[in-house]
Amino acid sequence: GAVVSQHPSWVICKSGTSVKIECRSLDFQATTMFWYRQFPKQSLMLMATSNEGSKATYEQGVEKDKFLINHASLTLSTLTVTSAHPEDSSFYICSARDPRGTGYEQYFGPGTRLTVT
Amino acid sequence: RKEVEQDPGPFNVPEGATVAFNCTYSNSASQSFFWYRQDCRKEPKLLMSVYSSGNEDGRFTAQLNRASQYISLLIRDSKLSDSATYLCVVPPEGTASKLTFGTGTRLQVTL
């Protein structure tokens, strides 16, 4: 399957600071990447769809000014959690759609565990 | 009705057992279906796609029942390493983008 990397794998930050998470597709070009969040014992929740060369599309209830997404190239999307608070502590996972298959398969990065103190 | 529904389990089965999960979906127009596996504190990994005719990959068999709007995953000869949460995924019709995840079914294979 396709390979997607994510960095950092975990981060601890103080309340009020900003954290940037990178998502890279390593062996394919992804015009579309996705950002999910998962709280303990809950299902993955899509936060936003990241489109290369255009603005991200946010899901209802997700603050676009708090979760800044930049799809800088066909292999890189970044998520910046601005002014993080303890309730933002979660497991953030990105995925990229592999255009070489049916177009529906998504491959996930290993995730970033964010803890805000 | 939720877009995708799964029994959260947990399903506790002994090693070597055969176990099956079902997942119901609400959109009758859905065309593609997937099973993902997620280990604790890890990212989901694509396990298999579900085709209309059903498909098999080693000990794993996936089937689609359009009339009743559910997909199933059968695991034969369960192994300890099969312990994980199995996620049913259904992309909405007409888009290659968003995936809708079920809450997952937790499987625990024991000695």
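Letters A, B, ... are given to chains in the order of the sequence lines, protein chains preceding strands, and every chain is numbered from 1. Only heavy atoms go into these numbers, but all of them, side chains included; no hydrogens, no water, no symmetry mates.
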Same cluster (ILVMFWY, side-chain, under 4.5 Å), A/Leu44 and A/Met47: no

Only counting residues at least two apart or in another chain, list the ones meeting salt bridge (charged side-chain N to carboxylate O under 4.0 Å, His left out) with B/Asp77. B/Lys79

Is B/Phe21 reachable from B/Leu80 through a run of hydrophobic residues whose side-chain heavy atoms are each under 4.5 Å from the next? yes

Do any of residues 59-93 of chain A have a heavy atom less than 4.5 Å from a heavy atom of chain B, and if so, which, in residue order? A/Glu59, A/Phe91, A/Ile93

Group every Ile, Leu, Val, Met, Phe, Trp and Tyr by side-chain heavy-atom contacts under 4.5 Å, then state whether B/Leu64 and B/Ile75 land in the same group. yes

Is A/Val4 linked to A/Ile21 within one hydrophobic cluster, defined over Ile, Leu, Val, Met, Phe, Trp and Tyr using a side-chain heavy-atom separation of less than 4.5 Å? no

Could you note down all residue pairs passing side chain to side chain donor-acceptor pair (under 3.5 Å) where residues 108-117 of chain A supplies at least one of them, sequence neighbours left out? A/Gln6-A/Thr112

Pairwise side-chain contact, B/Phe34 with A/Gln106, heavy-atom cut-off 4.5 Å (strictly under): no

What residue in A/Ser43, A/Pro110, A/Gly109 has the most heavy-atom pairs under 4.5 Å with chain B? A/Pro110

Hydrophobic cluster membership, A/Val116 vs A/Val11, 4.5 Å side-chain cutoff: yes

When the 4.5 angstrom heavy-atom criterion is applied to B/Ser49 and chain A, the contacting part is side chain

Mind checking which of residues 37-48 of chain B sit less than 4.5 Å from chain A, heavy atom to heavy atom? B/Gln38, B/Arg41, B/Lys42, B/Glu43, B/Pro44, B/Leu46

